[in-house]
Amino acid sequence: QVQLVEAGGGLVQAGGSLRLSCAASGQTVSGYTMGWVRQAPGKEREFVATISWSGSRSYYADSVKGRFTISRDNAKNTVYLQLNSLQPEDTAVYYCAATRPVGLPRRPTEYDYWGQGTQVTVSS
């Protein structure tokens with residue numbers, strides 16, 4: 001079983017940037033497809049991005065495509081999400097998630113392991 005801990009959230013003005021990280025422990029992250037999911041107040045969890053175990057493939061939600069970049073460093077057992085051109089509608093708790101490598105899951109329910117989340121707040 002893998003444990004995930006996110007970091008890097010915070011308060012930023014619209015147009016700003018943040019870099020989220022997700023540190024894994026318990027098992028090597030290289031055995032997992034990783035993803036980021038976010039949840040805004042009063043809304044359901046929303047898929048953001050996913051990356052294959054090797055890092056060679058990734059997929060993004062249309063709402064973040066061109067602004068966010070997912071990456072991973074298996075040697076450091078860490079996954080990242082670079083958030084650029086942030087907008088108030090990006091305000092949410094961002095969760096790191098992991099699942100055994102079966103394609104590039106785009107639904108939150110397809111992920112088996114979750115971190116505790118990190119808050120991202122974008123002011124206008």
Side-chain angles (χ1 to χ4, degrees):
Q1 188 168 347
V2 62
Q3 290 81 44
L4 306 171
V5 178
E6 302 95 334
L11 173 63
V12 63
Q13 289 187 333
S17 298
L18 285 172
R19 189 192 195 201
L20 307 183
S21 63
C22 171
S25 62
Q27 292 191 15
T28 176
V29 73
S30 62
Y32 293 86
T33 291
M34 302 298 294
W36 288 92
V37 173
R38 66 186 181 185
Q39 187 168 23
K43 295 187 177 181
E44 295 184 351
R45 289 191 177 186
E46 174 192 21
F47 166 79
V48 175
T50 183
I51 188 167
S52 62
W53 69 270
S54 67
S56 62
R57 296 182 298 138
S58 58
Y59 185 84
Y60 298 89
D62 288 342
S63 58
V64 307
K65 197 173 298 182
R67 300 188 298 123
F68 292 6
T69 302
I70 189 171
S71 62
R72 66 191 297 161
D73 186 339
N74 288 341
K76 295 183 178 180
N77 240 20
T78 303
V79 179
Y80 304 95
L81 186 67
Q82 178 68 41
L83 292 69
N84 295 331
S85 302
L86 282 162
Q87 300 301 317
E89 53 265 35
D90 294 317
T91 294
V93 176
Y94 283 71
Y95 296 92
C96 175
T99 187
R100 286 298 184 182
V102 180
L104 292 175
R106 304 167 192 179
R107 293 178 295 181
T109 54
E110 295 181 276
Y111 290 88
D112 300 312
Y113 305 102
W114 294 82
Q116 83 290 348
T118 185
Q119 176 71 48
V120 172
T121 303
V122 185
S123 63
S124 57

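Just the heavy atoms: all of them, side chains too, but no hydrogens, waters or symmetry mates, feed the values below.
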Pairs meeting criterion ring-ring contact (aromatic ring centres under 6.0 Å, His included) with involvement of residues 93-119, two or more places apart = Tyr32-Tyr113
ask   = At their closest point, which heavy atom of Thr91 faces which heavy atom of Val122, and how far apart are they?
value = OG1-N, 2.9 Å
Distance in Å, Phe47 CZ paired with Tyr60 OH, rounded so as to fall on 0.5 Å steps = 9.5 Å
query = Roughly how far apart are Arg72 CZ and Cys22 SG, rounded to 0.5 Å?
reply = 9.5 Å
query = Where do Ser17 and Gln82 come nearest, in terms of heavy atoms and distance?
reply = CB-NE2, 4.0 Å
query = In terms of hydrophobic clusters joined by side-chain contacts under 4.5 Å, are Val37 and Leu83 together?
reply = no
request  = Test Phe68 against every option in Val48, Asn84, Leu18 by the side-chain contact (heavy atoms from CB on, under 4.5 Å) rule and name the one that passes.
outcome  = Val48
key: CG on Asp112 to CD on Gln1, rounded to 0.5 Å   = 9.5 Å
task = Would you confirm whether Asp73, through its side chain, and Thr78, through its main-chain N or O, come within 3.5 Å as a donor-acceptor pair?
result = no
ask   = Is atom NZ of Lys65 surrounded by more than 12 heavy atoms (other residues, nucleotides or ligands) closer than 6.0 Å?
value = yes
request  = Applying side-chain contact (heavy atoms from CB on, under 4.5 Å), run through Val79 and Ile70 and close with a yes or a no.
outcome  = CA-CA 7 Å; Val79 179; Ile70 189 171; 4.2 Å; yes
In residues 7-16, what donor-acceptor pairs under 3.5 Å come from side-chain atoms, sequence neighbours left out?
none

ask   = Taking the side chain from Ser124 and the backbone from Pro88, do they hold a donor-acceptor pair closer than 3.5 Å?
value = no
inquiry  = Would you say that Gln116 contacts Val5 through its side chain, given a criterion of any heavy-atom pair below 4.5 Å between the two side chains?
reply    = yes
request  = Determine, stepwise, if the pair Glu110 / Thr99 fulfils side-chain contact (heavy atoms from CB on, under 4.5 Å).
outcome  = CA-CA 7 Å; Glu110 295 181 276; Thr99 187; 5.8 Å; no
ask   = Under the 3.5 angstrom rule, does the side chain of Glu6 hit a backbone N or O of Gly117 as a donor-acceptor pair?
value = yes
message = Which heavy atom of Arg67 sits nearest to which heavy atom of Leu86, and what is that distance?
response = NH1-CA, 4.0 Å
ask   = Does the side-chain contact (heavy atoms from CB on, under 4.5 Å) test come out yes or no for Leu104 and Ser52, once each step is laid out?
value = CA-CA 7 Å; Leu104 292 175; Ser52 62; 4.1 Å; yes
ask   = Is there a donor-acceptor pair closer than 3.5 Å between any side-chain N or O of Thr50 and the backbone N or O of Met34?
value = yes
Passing candidate, side-chain contact (heavy atoms from CB on, under 4.5 Å) with Ser63, options Glu89, Arg38, Gln87 = Arg38
task = Taking all heavy atoms of Thr33 and all of Gly103, pick out the closest pair and write down the distance.
result = OG1-O, 3.7 Å
query = Under 3.5 Å, is there a donor-acceptor pair between the side chain of Ser56 and the main chain of Ser54?
reply = no
task = Would you name the heavy atoms of Ala49 and Leu81 that are closest together and state the gap between them?
result = CB-CD1, 4.3 Å
remark   = Interatomic distance, CH2@Trp36 vs CD1@Ile51, rounded to 0.5 Å, equals 11.5 Å
